[in-house]
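To keep things clear, I will list the structure first and then write my remarks on it.
Worth knowing before you read on, the calculation uses all heavy atoms, side chains too, and leaves out hydrogens, waters and symmetry mates. Just so it is clear, the structure is predicted and the values come from calculations on it, not from any experiment.
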Amino acid sequence: MLRARMLDAARAKARRGELRISVPVGYSWHREAGLGLDPDLRVREAVRLIFARPRRTASSLTTFFETATYCPRTAF
């Protein structure tokens, strides 16, 4: 019963355009444009680095452990 009410409330917010979901690191919500790249240059560069490293290391797990400690995230 509670789950159905929560889903109905989420659907109503979506119809009104007010539903906001969490977005992955490197993206942010913009009032005018909706979902877009994060305006913080450090965040964008960290995401680019994460996707460029597996080509060098040939291992996504190695890339994760090397970059996870300094990947910035914008808090709102």
Side-chain angles (χ1 to χ4, degrees):
M1 178 84 155
L2 285 175
R3 182 173 170 82
R5 291 182 79 178
M6 288 184 352
L7 289 174
D8 287 341
R11 286 187 192 113
K13 279 183 132 182
R15 278 192 295 272
R16 292 190 307 265
E18 298 172 357
L19 181 64
R20 295 289 182 250
I21 57 173
S22 60
V23 297
V25 173
Y27 292 93
S28 64
W29 285 107
H30 301 282
R31 291 186 187 267
E32 299 83 27
L35 185 63
L37 291 175
D38 197 308
D40 188 349
L41 181 62
R42 292 182 316 133
V43 174
R44 288 195 313 260
E45 288 299 320
V47 170
R48 282 192 193 109
L49 176 67
I50 288 169
F51 284 105
R53 277 227 178 142
R55 292 183 208 122
R56 256 192 357 215
T57 62
S59 169
S60 58
L61 188 59
T62 302
T63 301
F64 172 75
F65 285 119
E66 286 178 356
T67 58
T69 57
Y70 63 90
C71 185
R73 181 176 182 129
T74 305
F76 291 100

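For the pair Trp29 and Val23, the tightest heavy-atom approach, listed with the atom from each and the gap, is NE1-CG1, 3.6 Å.
For the pair Tyr27 and Asp38, the minimum side-chain heavy-atom distance is 4.5 Å or more.
Remark: Arg16 pairs with Glu18 by the side-chain hydrogen bond (donor to acceptor under 3.5 Å, both in side chains) rule, at least two apart or across chains. Annotation: salt bridge (Lys or Arg N to Asp or Glu O under 4.0 Å) contacts of Arg44 (sequence neighbours excluded): none.
Salt bridge Glu45/Arg48: present, at least one basic N to carboxylate O contact under 4.0 Å.
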Considering only distance and modelled atom types, tabulate donor-acceptor pairs under 3.5 Å from the side chains of residues 7-14, sequence neighbours left out.
residue: Asp8; atom: OD1; partner: Arg11; partner atom: NH1; Å: 3.3

